Amino acid sequence: MRFAKLFMTLLAVMLVCSSAAFAAEEPVLAVDGRGSASIAPDQAVVTVGVVSRARSASQAQAENAQKSIAITQALKQLGVAGSDIKSQNFSFQPDYRTDDRNHVISGYTASHYLQINVRDIAKAGKIVDTALQSGANEVHSLRFSVSNQSAVRKEALGKAINDARNKADIIAQGLGSRIIGIKSVSESTGSIESRSYNMNMLAAAKAVDTSFEPGMLTLDANVHIEYLLSR
């Protein structure tokens, strides 16, 4: 009997303490904020290809190597650093034709792709033209990007935080309360996705001055903030 009374007394004390602790907790308002910022790209990557076909393997390889060297030299004369030109892929394979239901080697194809880092995007069109005029017969891709994302990331996050606070102020005012603190904050910010162009520019493009409009790249930021409200 005495044990039961003691148990009930302890239970009552725990309930009172829990109620007091619950009552002491401030109301929480959770909101999401979104922001975005744009920036002009300041660099690009161009990938050009040299595809050579010949009756003999040695001829296909020699022609491909000659054109690849000519492209590299022309780009260097244009001001592209040697370290910004690198081989991305090289392939060599026989070509076949069907003769009386038999596959017969009819020639050979050598393919060599060069990746060019463009530090001055105003020269992107000129670099493509120079590569084509020097022997490239494929423009595989062109990708614009940003070298430093710190400033645009800061701007996007700032806008997301302001968006969240504005929402919280409106809701708190509508509830007859006010914000007195912050319980927690989390953010989810991606990276700027480069803008890519896939092209199939053939020899006819050699007679035209190529120009590109890189436009603007956008970074999106998201925040989740839990604000403490007055009673």
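Computed from a predicted model, the values in this text were never measured in an experiment. Only heavy atoms go into these numbers, but all of them, side chains included; no hydrogens, no water, no symmetry mates.
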To check you understand the geometry: which heavy-atom pair defines the closest contact between [X] and [Y], and what is its length?
X    : Y    : value
I121 : P214 : CD1-CG, 3.9 Å
S87  : L114 : OG-CD2, 3.9 Å
D163 : G33  : OD2-CA, 3.4 Å
L217 : P41  : CD1-CB, 3.9 Å
A164 : I225 : CB-CD1, 3.9 Å
R153 : L219 : CA-CD2, 3.3 Å

Any sub-3.5 Å donor-acceptor pair from [X]'s side-chain atoms to [Y]'s backbone N or O?
X    : Y    : value
N162 : G158 : yes
S177 : S230 : yes
R165 : A160 : no

To the nearest 0.5 Å, what is the distance between [atom1] ([X]) and [atom2] ([Y])?
X    : Y   : atom1 : atom2 : answer
L75  : Q73 : CG    : CD    : 10.5 Å
D84  : K76 : CG    : NZ    : 11.0 Å
L157 : S36 : CG    : OG    : 11.5 Å

Is it the case that Y108 and Q61 place a side-chain donor and acceptor less than 3.5 Å from each other?
no
Pairing donors with acceptors under 3.5 angstrom, does anything connect the side chains of T109 and Q93?
no
Ring pair (Phe, Tyr, Trp, His ring centres under 6.0 Å) against F90, all qualifying residues, sequence neighbours excluded:
H112
Cluster question for you: counting only ILVMFWY and a side-chain heavy-atom cut-off of under 4.5 Å, with indirect links fine, are L228 and I182 together?
no
Pick from V80, L142, N117: which one makes a side chain to side chain contact (heavy atoms under 4.5 Å, CB included) with V46?
L142
Pairs in or reaching into residues 31-45: which pass salt bridge (charged side-chain N to carboxylate O under 4.0 Å, His left out), with residues at least two apart or in two chains?
none
Do D169 and I179 touch side chain to side chain, with heavy atoms closer than 4.5 Å?
yes
